[in-house]
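These numbers come from the heavy atoms of this one structure, side chains and all, not from hydrogens, waters or symmetry mates.
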Amino acid sequence: MAAEQTPDPLAVLRAAIEGAAARLDGDAGRRLTLERPPKPELGDYSTNAAMLLAPAVGTPPREVAARMREELVARLGASAERVEVAGPGFLNLFLSDGWHREAVADLLVRDRRAEPAGDEWVLVEFVSANPTGPVTAAGGRGAAYGDSLARLLEFTGQRVEREYYLNDTGSQVRLFAESIAARMRDQEPPPGGYSGDYVRELAEKLGSGADPDDLDALGRLGTEAMRTRIEATLSRFGIRFDTWFSERSLHESGGLEATLAELRERGHVYDSEGAVWLRTTDFSDDKDRVLIRADGEPTYFAADVAYHRDKIDRGAELMLTPLGADHHGYVPRMRAAFAAMGTDPDRYEAPIMQLVGIVEGGERARMSKRKGEFVTLDELIEDIGTDATRFFLLQRSHDTAVDLDLELARSTSQDNPVYYVQYAHARIASILRKAADEGRAAVAEPETIADAASAESALLAPAEPTERALVRRLLELPAEVATAAERRAPHRLCAYATATAADFHAFYRDCRVVGAEPGTEAARLGLCVATMRTIATTLGLLGVGAPERM
RNA sequence: GCCCCCGUAGCUCAGUGGACAGAGCGGCUGCCUUCUAAGCAGCGGGCCGCAGGUUCGAAUCCUGCCGGGGGCGCCA
């Protein structure tokens, strides 16, 4: 696409500011901002460049700003109506009709993906909840987060695979099998076992096809059944994994032994107290970690190290692994294991998800998989739907512990922010249907526009403050996506989607679209098309649908 | 005791060095003969946990303290 070559309207502004800054012989560096001022009287955009330059230049910020202003005016030419120095030394840019018209035209023809951040091969492992029960609401947060992260990275040009690590062997599976066996005999599960109703149901379903004395088989059958259920739940939630990686296969294939041997050969393994240890303290862990227990059984950690050896061998360059806060202590030892394998620990990245508390009727629901006391993701989806659930769970930073009040989520489902955003999308679709009915959509349809110049000649400049504000909001998408991806922060997209919808609703109030003056109508239809695409893209990155009617 | 996360409006939370600090929900008041009122506009609501420090400038960075959550297994 031709537009790919030309910088977008914001890049042009930024280049002008950087050029003006360079003339003053100052290095404003990366911290130079191009942002929307808090109030409309302060212009369309502002920059802090002069304030950053002041120390190096050696004159007060406002003086630097005054000198930069002249440079900037010259460089911006017809794009700017005027540039003002304000406050402590901000430069406020008031952009011209022409710039806004070009911006709308550009929005219509540009492929608005973020600048490729690289073409790294990223393996996102997420959820990976034990197949000894259904996915809980907390697991749903990890699911929504991991999937959105994967979508974000794909969008920014990375090669992404989604993987679920299935802990289908080990002590928890054994306990699960014992719990099933107990239910088959109409007994209570063993102490600390799984007492949820689903275990009873599973026992009934297995019925005569299973032998309560064959715990290996029960474990296998039980985890397979749970895996099927988990896959169905996540599929309903809009998530598909490329790979379901079985821990048991790691034991059976000898991968675990091979990794152990490799670590021993590298000199990081020692025997003590009947167990086999990895000297993770050589790589800044608090204490060494057991790989093989005194009873001869490998630990979960040993299998996980072997699993990551496998990821590395498969060619994964970045291994992104969102973990629940209850596993955060695990990160240093895994980084140490990477170092012990001679691999850069930075290739292992584990964003920590804070916990989800479910509150119902003022009561905090207990979350224990073993006790069978938890709210499942299935229940959440049934209660408030996939879109609302995903938006709810993604709205807040993964770093923040959130309480989800189920009653509130249900009762106010109509006021849920996700509907606010979706409504804007549906509203635009309705306008476009109306325009099509009246045969007016042609000029705004992307297919009919060869390039920005042809679009521009057909459009009049947006004049209303609210339509200009909407244009500026839409231009932010690539930067927002890039930031969200870099910071592993999909919640920023929720905020952006909400702000975009708000700007659209204000535009809708002020600006008649169908039936306006021809050039204005064309420009506004173009703005509607661009807004609809922006919202659809943003919601798509969150895994939320963008309906044409509501 | 040590480690991680969080203390921002009545509630749930955005805001990782810039202008008088924001959104949603809840409360109050207006707005549908015109492209969707799941909307818009307005009012009310704040010692940004506390105390120091760095900076021209701090909710944001540093230190200490207080409060909440999580973790410190040869469980996963």
Checklist entry - Should B:G42 form a Watson-Crick or G-U wobble pair with both distances under 3.5 Å, which nucleotide is its partner? => result B:C28

Next on the checklist: Can you confirm whether the side chains of A:Asp288 and A:Thr281 place a donor and an acceptor under 3.5 Å from each other?
Outcome noted: yes

Checklist entry - According to the Watson-Crick and G-U wobble definitions, with both distances under 3.5 Å, which nucleotide is paired to B:G64? => result B:C50

Next on the checklist: If the cut-off is 4.0 Å, is A:Tyr419 near the phosphate of B:G39, judged by side-chain N/O to OP1 or OP2?
Outcome noted: no

Item to check | Whichever of A:Ala429 and A:Val402 has its nearest RNA chain B nucleotide further upstream toward 5' | outcome: A:Val402

Checklist entry - Any idea which of B:A19, B:G24, B:C75 is nearest the A:Pro417 side chain? => result B:G24

Checklist entry - Using atom P of each nucleotide, how far apart are B:G53 and B:U60 to the nearest Å? => result 14 Å

Next on the checklist: Is there a side-chain contact between A:Arg509 and the phosphate of B:A41, meaning an N or O under 4.0 Å from OP1 or OP2?
Outcome noted: yes

Item to check | Residue met sooner reading RNA chain B from 5', once A:Asp295 and A:Arg396 are mapped to nucleotides | outcome: A:Arg396

Checklist entry - Quantified in whole Å, what is the C1' atom distance between nucleotide B:G24 and nucleotide B:G15? => result 15 Å

Next on the checklist: Can you check the distance between B:U8 and B:A23, where both ends of the measurement are the C1' atom (answer in whole Å)?
Outcome noted: 13 Å

Checklist entry - Salt bridge check: are A:Asp285 and A:Arg289 linked by an N-O gap of less than 4.0 Å? => result yes

Next on the checklist: Could you tell me how far apart A:Leu52 (CG) and B:G57 (P) are, to the nearest whole angstrom?
Outcome noted: 15 Å

Checklist entry - In whole angstrom, what separates A:Tyr423's OH from B:C40's P? => result 9 Å

Checklist entry - With ring centroids as reference points, do A:Tyr423 and A:Tyr420 lie under 6.0 angstrom apart? => result no

Checklist entry - For the ring pair A:Tyr164 and A:Phe126, is the centre-to-centre distance below 6.0 Å? => result no

Checklist entry - Does the ring of A:His505 lie flat against the base of B:G39, closer than 5.5 Å centre to centre with planes under 30°? => result no

Next on the checklist: Is there, by distance only and without an angle test, a donor paired with an acceptor across the side chain of A:Ser46 and the base of B:A19 below 3.5 Å?
Outcome noted: yes

Checklist outcome for this item: Here the distance between atom P of B:C20 and atom CD of A:Glu41, to the nearest Å, is 13 Å

Checklist entry - Are OP1 or OP2 of B:U16 and a side-chain N or O of A:Arg492 less than 4.0 angstrom apart? => result yes

Checklist entry - How far, in whole Å, is B:C25 from B:C32 if one measures between their C1' atoms? => result 24 Å

Item to check | Pairing partner (Watson-Crick or G-U wobble, both distances under 3.5 angstrom) of B:G73 | outcome: none

Next on the checklist: Whether A:Arg289 contacts B:C74 is assessed here as follows: a side-chain N or O lying under 4.0 Å from the phosphate OP1 or OP2. Is that the case?
Outcome noted: no

Checklist entry - Would you say B:U34 has OP1 or OP2 under 4.0 Å from some side-chain N or O of A:Lys434? => result no

Next on the checklist: Below the 4.0 Å mark, does B:C5 have OP1 or OP2 next to a side-chain nitrogen or oxygen of A:Thr400?
Outcome noted: no

Item to check | Strand partner of B:G22, provided both Watson-Crick or wobble distances fall under 3.5 Å | outcome: B:C13

Item to check | Nucleotide opposite B:A59 in a Watson-Crick or G-U pair, distances under 3.5 Å | outcome: none

Checklist entry - Is it true that A:Glu476 and A:Arg36 have a side-chain N and a carboxylate O under 4.0 angstrom from each other? => result yes

Item to check | Ring centroid separation A:His491 to A:Tyr145 under 6.0 Å | outcome: no

Next on the checklist: Please give the distance between the C1' atoms of B:A38 and B:C56 as a whole number of Å.
Outcome noted: 48 Å

Item to check | Phosphate-side-chain proximity, A:Thr299 and B:C75, N/O vs OP1/OP2 below 4.0 Å | outcome: no

Checklist entry - What interatomic distance, in whole Å, is found between C1' of B:A76 and the corresponding atom of B:G71? => result 14 Å

Next on the checklist: Roughly how many Å apart are B:C35 and B:A19, using the P atom of each and rounding to a whole number?
Outcome noted: 41 Å

Item to check | Rounded P spacing from B:A21 to B:C5 in Å | outcome: 28 Å

Item to check | Interatomic distance, A:Met51 CE vs B:U55 C1' [rounded to whole Å] | outcome: 13 Å

